[in-house]
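What you see is a predicted model, and the numbers here were worked out from it, not measured in a lab. Each ligand, and each atom within it, is numbered from 1 in the order the structure gives.
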Amino acid sequence: MNTHKTIFDTTLRDGEQTPGVSLTNEQKLKIARQLDKLGVDVLEAGFPVSSDGERQNVRAIANEGLSLDVCGLARVLTKDLDACIDCNVDMIHTFVSTSDIQRIHTIKKSREEVVAMAVNAVEYIKDHGVKCMFSAMDATRTDLDYLIEVYKAVEGAGCDIINVPDTVGIMAPSSMYQLVKNINNEVNIPIDVHCHNDFGIAVANSLMAAEAGASQIQVTINGIGERAGNANLAEVVMCLHSIYGAKTNINTEYLLETAKMVENYTGIHMPANTPIVGDNAFAHESGIHTHGVLEKSDTFEPGIMTPEMVGHKRRIVIGKHAGKHAVKKSLEDMGIETTEEQLDEILIRIKDIANKGKRICDADLHAVASAVLGRNLGNETIILKEFSVMTGNLTTPTAVVRAKIGDEEAVASNFGVGPIDAALKAVELMIGGYTKVKVRDFSLEAITGGSDALAEVTISVEDEHGRVVSAQSASADIATASVDALITAINILLEKKKLWSME
Ligand code: KIV
Ligand code: ZN
C-alpha cells in the first residue's frame, strides 16, 4: 500500500462521546492546536446544533486559523446544517441511518425518504460553498444494494467524500475489505472509514479498508469514543507508516505528547501496555531482552518503529526478571561501580524484594547498592526540615516546606487542588531556583486496610532532558509519603545529573 492516506480526527466529537468525558472549551481549543501540530488533515470539532456552548466552541476552533480543515457534524436536517454553516467550518459531515434496524426503529423513514433527505442535505451544503462528507450511518449493517444506491445518489448531488461507518463495530477485517472494495468499484469519489472498537479490531478494520482503497481514516487520540471507542490514531498511523509503507501528514514525534494531553484532559488513563504510547511500550525487564536491547535495540523491538519516532523513550526496568546487564547499566547510570561479586549480591537482593511483590525503583536499587557496598552512596542535596499542609472545606489546600538545599536554607508555600497537589507543588517551587525537575508520574496505593491504612506512593521525576528517576515511600500520612518520595527521587536525580555533567 504505497500511497498517501489522510487522517480525520474525531477526538473532539466521537471522542467526547466517551461515557463520563466532558471537555471544557479551553481544553478543546488546546487539543485542536495540538492536533494541528500533529499534522491531522481534518478535525471534527463537534456537533454545533447540540448546544450553544458546542456551537461557540466549534466556531472558535474554526476561526483559530489552523492549517487543518475544521469539520462540524450535522444530521440531514436544515437546522443542523445551518448551525454548522454559522460556525464557519471548512467541511460539514452530514449523516443519516441507512440500516433497516436504525431506519425503522429510530428515524422511522422509508428507504426512499432517506435517499431524498441525504441528497437534499448534500445539495444544501454544496450550495453554501462548503466541503461535504456524507455518512450512511450503520453502513456495515445496511443492505449492500441499497447502500450503493444511497452513495451514488449523494455522489450525484455533488458530495466530496463518502464515509463508511462501522457504527457498532461488527465487521471482520476481511468483510470490511470486501465492503470497501465493492463501494469503490461503484462510486468515484474518495472513501473514508469510521470504525468502532466493540470487538477490539477497529484498527485492523481501518487498515483493511485502507488496503481496499479508502483514502481517509477516521480516528481518535487514545481510541476514545462511544462505548469501546474508535480506531486509535497512533496505532493506525504507525501501522500505515511502519508496516504498510504508506504515508500520512502526521508528525509522529508528537504522538506521545498528544496522547498524554488527551489522557490528562479526559481522565481516561491508558494501561501501561498500550501500544506505541503506553508507559511500557518501549520498556524492557527480562534479563534476555534487556541484554539484547542494551547490545542492539532492534533485537527485542520492532526496529521499524523506534521510541524516538513516536516521541517516547526506551526504559530498562529492574524487576524480578532482571538480569545482570540491566542492573549493571542502571548502577553505572547512578555512578556506582561494583565488583562481580557485589553485582551478584545486589541482583539476589533486588530479586528478593521483587519476589515479595514490590515494584523496584531507582531509590531501592540505590539503597540495596549502599547496603552491599557497605557505604553511603551519594549525598542528599535536599534535606527536608519541615513540612505542613492545611486542607478542609473552608480553605484552598496549602502546603509549606522548608529544607536545606546544599548549604542553604529554602522555604516555599503553594496551593493545589488537594493536599498532595499542594505539597508537591510547594516542593517543586522550593527547588525551582536550584534545578528544573518536574513530577512525571504519581501513583498511590493503600497497602493495609482501614482508615489508618499505610499508603505507598511511587513518584517519577523528570529533568529538562527527559531523564527519569523513580522513588517510593510509605506512611500512614499520604502527603508525608508523597513529599518523602519526591525528595528522594530528586536527590537521586541530582546525583545522576552531577555524573552526566562530568561525561
Ligand atoms: O459511529 C457512527 O456511525 C458515527 C456517525 C456520526 C458517523 O459516529
Ligand atoms: Zn462513531
Side-chain angles (χ1 to χ4, degrees), residues 6-19 21 42-50 54 58 69-77 79-81 83-84 89 91-103 105-107 109 114 117-118 121-122 125 131-143 146-147 150-151 154 159-171 175-176 179-180 183 189-203 205-206 209 214 216-233 236 266 268:
T6 55
I7 298 297
F8 180 109
D9 182 281
T10 181
T11 304
L12 298 185
R13 199 278 298 169
D14 211 318
E16 212 206 8
Q17 289 172 219
T18 306
V21 168
V42 190
L43 156 63
E44 188 160 55
F47 187 24
V49 80
S50 63
E54 180 88 344
V58 174
D69 273 355
V70 177
C71 174
L73 182 72
R75 289 165 297 183
V76 286
L77 305 177
K79 64 172 179 179
D80 288 36
L81 303 171
C84 286
V89 293
M91 175 187 271
I92 298 177
H93 172 194
T94 189
F95 69 99
V96 63
S97 296
T98 51
S99 66
D100 286 348
I101 183 157
Q102 290 196 355
R103 200 176 46 73
H105 297 284
T106 62
I107 55 172
K109 299 281 180 205
V114 164
M117 287 162 78
V122 172
I125 295 168
K131 276 187 224 162
C132 173
M133 176 162 74
F134 171 78
S135 276
M137 187 150 79
D138 209 13
T140 54
R141 290 194 298 180
T142 302
D143 167 64
Y146 176 60
L147 184 65
V150 177
Y151 283 141
V154 294
C159 187
D160 298 291
I161 177 164
I162 51 166
N163 177 33
V164 184
D166 186 18
T167 302
V168 290
I170 43 80
M171 289 303 260
S175 317
M176 194 70 191
L179 176 64
V180 173
I183 298 169
I189 50 178
I191 300 176
D192 166 288
V193 283
H194 174 103
C195 297
H196 275 277
N197 204 29
D198 297 69
F199 287 91
I201 49 176
V203 171
N205 283 335
S206 304
Q216 180 163 286
I217 302 169
Q218 293 204 10
V219 287
T220 59
I221 301 298
N222 303 340
I224 60 171
E226 265 310 327
R227 306 183 308 283
N230 294 71
N232 179 311
L233 182 146
V236 167
T266 58
I268 304 286

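Inspection of the Q218 and N230 side chains reveals no N or O donor paired with an N or O acceptor under 3.5 Å.
When the options L43, V219, V42 are evaluated for a side-chain contact (heavy atoms from CB on, under 4.5 Å) with I7, the one that passes is V219. Each of T94, D80, L81 was evaluated against R75; a single residue qualifies, D80, per the side-chain contact (heavy atoms from CB on, under 4.5 Å) test.
Proximity of a side-chain donor or acceptor of Q216 to a complementary backbone N or O of T6 within less than 3.5 Å is not detected. Remark: side-chain polar atoms of S175 are not paired, donor with acceptor, to backbone N or O of M171 under 3.5 angstrom.
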Pairs under 3.5 Å, N/O atoms on ligand 1 and on the protein: can you put them in a table with the distances?
{"unit_1": "ligand 1", "atom_1": "1 (O)", "unit_2": "H194", "atom_2": "NE2", "d": "3.1"}
{"unit_1": "ligand 1", "atom_1": "1 (O)", "unit_2": "H196", "atom_2": "NE2", "d": "3.0"}
{"unit_1": "ligand 1", "atom_1": "3 (O)", "unit_2": "T167", "atom_2": "OG1", "d": "2.7"}
{"unit_1": "ligand 1", "atom_1": "8 (O)", "unit_2": "R13", "atom_2": "NH1", "d": "3.4"}
{"unit_1": "ligand 1", "atom_1": "8 (O)", "unit_2": "R13", "atom_2": "NH2", "d": "3.0"}
{"unit_1": "ligand 1", "atom_1": "8 (O)", "unit_2": "D14", "atom_2": "OD2", "d": "3.1"}
{"unit_1": "ligand 1", "atom_1": "8 (O)", "unit_2": "H194", "atom_2": "NE2", "d": "3.1"}

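The nearest pair of heavy atoms linking V164 to Y151 is CA-OH, 3.5 Å. When all heavy atoms are compared, the tightest approach of V236 to A231 is CG2-CB, 4.0 Å.
Distance check, rounded to the nearest 0.5 Å: CE of M176 to CD1 of I201 gives 10.5 Å.
When side chains are defined from C-beta on, V193 does not count as touching D166, because their heavy atoms never get closer than 4.5 Å.
Counting only protein N, O or S atoms, 3 lie closer than 2.8 Å to the Zn ion (ligand 2).
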